[in-house]
Each structure stands twice: as structure tokens, then as C-alpha cells.
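All remarks here apply to the structure that follows.
Naming: A, B, ... by sequence-line order, numbering from 1 per chain.
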Number of protein chains: 2
Amino acid sequence: MNKTYSIKEVAEKFALPISTIRYYDKKGLLPFVSKNKAGYRVFSDSDLQFIQTICCLKDTGMSIKKIQKYIELCMQGSTTIDDRKTLLLQHRQNVIQKQKAIEKSLKEIDQKINRYASPISRDLIAAQITYVQNEKASLNLKDPFS
Amino acid sequence: MNKTYSIKEVAEKFALPISTIRYYDKKGLLPFVSKNKAGYRVFSDSDLQFIQTICCLKDTGMSIKKIQKYIELCMQGSTTIDDRKTLLLQHRQNVIQKQKAIEKSLKEIDQKINRYASPISRDLIAAQITYVQNEKASLNLKDPFS
DNA sequence: TGTTGCTATGAACTATAGTTTAGGGTTTAA
DNA sequence: TTAAACCCTAAACTATAGTTCATAGCAACA
């Protein structure tokens, strides 16, 4: 049978603070959520599907404003399919670009970690400090290690 | 020969606004940068190396405060190697976790794109709308498509 | 020597994404 | 029927990461 969920249950399911769900609603991300006569939000299973999508977009760095735009298109029915596809394809490109940037940065970070983890890390770092000090001295610049 | 760089040159090299570099300096991210007698910042090649690392950490989501902490450890010399390693290993875990989350979300986004790109996308979406409407009706909740 | 362009600071301002508070209704279970 | 546990809104507040502005001092070149 179809169940409904309170805001607290939804918050637990998605590991979000209740305040964040209310904030999303205020920002127009949850126009599909009904309210009962007392004014309480009543979430259905299909609502949870939408929220899952919202979390997906959020976790990949889409702004609230863009997500709102996407949800708005969803609520307008089948006529907006092309717009939605365009929006998601654009976002997909952004995500892939970000993935690449993270990948690249992570490699640099790993190199630093390896230096620090080396048995001769103290020597490596000491040599680097000396190098910087010589460079700075040759340019008549202040020694940053002092 | 060792060259020096103005803030403008550094901004161009790293594709950062000049205001951001000043902001980073104010936040304690650039304690290694010297100033000439006029008060102008003078960047050396080793400074650029540091800034490269800062960009790395920033691009993988480290906060300004954490980066400041890392740089501070760097300036304290070889005695802080263990602390730096710990800090970067911790960050590494965060980055990898984020990578996984992005990977997972991207798959969901791709599924949506595929639905929208399907030759029968209109039917798929129409069926979904009908499903939601039935679910909402069976729960005596307002139809969100109207 | 003056004009153009670069640099500086501090303070105010902006954007984004929430969180907290105040004040007040609702639901549930003893 | 009343206390505890929910839920609501509006508005104020916070945190983060910058950006912009006002004012003013250097630098390079015609």
C-alpha cells in the first residue's frame, strides 16, 4: 500500500536536517509536496523519488537555483523534455570537468603525501626549505621561514 | 635566472581574480609572499609552487581555514611533517568519498538523460506523470501537475 | 611632468546555502 | 486532558568565499 511520510522521516531517510528540507521547499524545490489540513507537509513515495533526484543534483554541485529550474520544468509536463535534457547534459559536462580537476589535484596531493611518508622525508623537506631560502635570498626577499 | 612576478601576473597564471589573491593573503594563505618597499607583493617561483598547492586543495574542496592551517604547518619547518601528512591523508579520504558520491550521482543523472533522449521519451514521461497522479489521488493528495 | 596603469588597504557589500529563534498550532499517549 | 513530541511560518542570524568601493600611493613612458 502507498505510505506517506512526515518531514522528520524524510529528513532521516536522506540524512538531511529538517530545516534544510523546509529551506528547499521555500526555495521552490518541493512544489510537489502536499500539505494536510493542519498545514503539515505530507510526503509520498513519488515525492521521495523527486527528492532523491534533487540530492543527486546537489551532490554534484548544481546550485539551488538551477535545481529549482529543473524541478519547474518537470512539473510542466512532457512538453519540457528537451529543455530538461539540455539542462542535464550541460550539468553532466560540468560534473565531468569537475571530476577531471579533482582527479588531477588528487594526484598532486598523493605526491605530497608520499614525500611526507618517505623514510627520508625530513631530508626532502629540509632541502626544499634551503632551496626556498636561497631563492629568496638571491632576490633580496625576506626568508619566510623565520 | 630567478624571476619575480606581480600580483597581476600571478592572477593570470592561475586564472584567479586579483581580489581573490589579496583575500587569500588576508586569510593567511600567503605568508611566504614578500613585499617591496612600496608595499607591493613580490612573488617568487617558490611562491608559485605554494600557490599551486593551495589551488589543489581548494579545487578538492578544502576550506580556507584548513588550507591556512596546512600552510602554517609548512612554514614551521620539518618538525611538522607528521601533522601535514595526517592533515593531507584526512583530506584525501574526504576527496575519495566525494569522488564516489559524484560517480554515483552521475550514473543517476545519466539514466535520466537516457530517458529524455529515448525515442519514446514522451511516453515514458507521460506514464510517470500518470503514475504520480494515481498515487497522489489514492492518498487524497493534491495533483502536483495542474 | 603629467597621464595612464598598476598597486595598496580597509570597509562595506554580495551571493549562496543554510540554521536558529520566536511564537504558535497539532497529535499522541498516558 | 494534559504533557511530550511533533509540526508550522517568518524573520533574523550564521558561515563561507569572495567582490566592490573609496581613497591613495607608486611606476613607466611620452
Side-chain angles (χ1 to χ4, degrees), chain A residues 3-31 33-44 47 51 53-71 91 94 98 101 105 140-142, chain B residues 3-31 33-44 47 51 54-71 91 94 98 101 105 139-142:
Chain A
K3 195 191 174 318
T4 61
Y5 307 86
S6 69
I7 194 171
K8 193 191 183 196
E9 289 174 303
V10 175
E12 281 161 3
K13 267 181 203 296
F14 290 95
L16 290 174
I18 289 178
S19 63
T20 298
I21 296 176
R22 292 209 184 99
Y23 170 73
Y24 285 175
D25 196 5
K26 181 154 61 173
K27 287 295 179 174
L29 269 53
L30 313 178
V33 175
S34 295
K35 291 192 179 177
N36 65 19
K37 49 233 103 128
Y40 288 20
R41 291 174 186 83
V42 177
F43 298 79
S44 71
D47 292 344
I51 293 173
T53 300
I54 288 169
C55 288
C56 246
L57 298 176
K58 191 199 67 165
D59 290 346
T60 49
M62 187 181 285
S63 70
I64 298 285
K65 203 167 284 184
K66 269 267 176 62
I67 296 175
Q68 192 277 325
K69 179 70 187 165
Y70 174 73
I71 294 292
H91 181 56
N94 296 344
K98 189 155 69 176
S105 292
N140 277 323
L141 300 177
K142 193 180 127 285
Chain B
K3 196 191 172 319
T4 61
Y5 308 86
S6 69
I7 194 170
K8 193 188 184 198
E9 288 173 304
V10 175
E12 280 160 4
K13 268 182 200 294
F14 289 94
L16 291 174
I18 290 178
S19 63
T20 298
I21 296 175
R22 294 210 181 100
Y23 170 72
Y24 286 175
D25 197 3
K26 182 153 60 172
K27 286 294 176 173
L29 269 52
L30 314 177
V33 175
S34 296
K35 292 192 178 177
N36 65 18
K37 52 232 98 136
Y40 290 18
R41 292 175 185 83
V42 178
F43 298 79
S44 70
D47 292 344
I51 293 173
I54 289 169
C55 289
C56 245
L57 298 176
K58 191 199 68 166
D59 289 346
T60 49
M62 188 182 283
S63 69
I64 298 285
K65 202 166 287 185
K66 269 263 176 65
I67 297 175
Q68 192 276 325
K69 178 70 186 164
Y70 174 72
I71 294 292
H91 180 57
N94 296 345
K98 189 155 72 176
S105 292
L139 294 166
N140 278 322
L141 300 177
K142 193 178 127 286

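In this structure, B:K66 places its NZ atom 11 Å from P of D:dA17, rounding to the nearest Å. Rounded to an integer number of Å, the gap from B:I21 CD1 to C:dT9 C1' is 16 Å. Taking atom OH of residue B:Y23 and atom P of nucleotide D:dA15, one finds them 13 Å apart after rounding to whole Å.
With C:dG18, D:dA27, D:dC8 as the choices, the nucleotide that has an atom nearest any side-chain atom of A:K58 turns out to be C:dG18. Considering only the side chain of B:I7, C:dA8 comes nearest among D:dT19, C:dA8, C:dT20. Nearest to the side chain of A:I64, among C:dA17, D:dG18, C:dT27, sits C:dA17. Of the candidates D:dG18, D:dC26, D:dA11, the closest approach to any side-chain atom of B:A38 belongs to D:dC26. Listed candidates were C:dA17, C:dT9, D:dG18. Nearest to the side chain of A:S63 is C:dA17. Out of D:dT19, C:dA8, D:dC7, the shortest distance to the side chain of A:I18 is found at D:dC7. Considering only side-chain atoms of B:K8, the nucleotide from C:dA8, C:dT7, C:dG18 that sits closest is C:dT7.
Counting any heavy atom pair closer than 4.0 Å across all strands shown, B:K27 reaches no nucleic acid atom. Residue A:S19 is classed as a base contact, given a heavy-atom separation below 4.0 Å to a base. Residue contacts for B:R22: at a heavy-atom cut-off of 4.0 Å it reaches a base atom on one of the strands shown.
For A:Y40 against C:dG25, a side-chain N or O and a base N or O form a donor-acceptor pair under 3.5 Å.
The side chain of A:K65 contributes an N or O atom lying less than 4.0 Å from OP1 or OP2 of C:dT16. Using a 4.0 Å cut-off, no side-chain N or O of B:R41 falls inside it from OP1 or OP2 of C:dC6. Between B:T20 and D:dA17 there is no side-chain N or O to OP1 or OP2 distance below 4.0 Å.
Side-chain atoms of A:D47 come within 3.5 Å of backbone atoms of A:S44 as a donor-acceptor pair (strictly under, hydrogens ignored). No donor-acceptor pair under 3.5 Å is formed between the side chain of B:E12 and the backbone N or O of B:E9.
Both A:Y24 and A:K37 lie near DNA chain C, and the one whose nearest nucleotide falls closer to the 5' end is A:Y24. Position along DNA chain C of the nearest nucleotide to A:K26 versus B:K26 favours B:K26 as the more 5'-ward residue.
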